[in-house]
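Written below as structure tokens is the structure these notes are about.
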Amino acid sequence: MIEKLADLFEKLIPAAAVISLVALLIGGFGFIAQTAPYANGLAYLVMALLMFVFWISIFGLLAMLVMMHRHLKSIESKLDLK
């Protein structure tokens, strides 16, 4: 069951990455627009950079989990051959 979920998760990462980045950027821009309606372009740029760094760190961690899952599967298959 866990392996099926991990395989499904691995297939859904690209779609989830795009959707989450768009959602974070829209949410961040909406937050700036509500809290500081007269904010300059620099505030929007800083918010976009912060959201992008946050997004990269999250998907970096998820990619590490997927790579660990693949590595464990390869080790398991090598042990099964012996």
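- Rounding to the nearest 0.5 Å places CD of E76 at 11.0 Å from CG of L81.
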Could you check F52 against I56 for side-chain contact (heavy atoms from CB on, under 4.5 Å), going step by step and ending with a plain yes or no?
-> CA-CA 6 Å; F52 187 70; I56 288 292; 3.8 Å; yes
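- Separation of atoms CD1 (I75) and CG (D80) is listed at 12.0 Å; rounding is to 0.5 Å.
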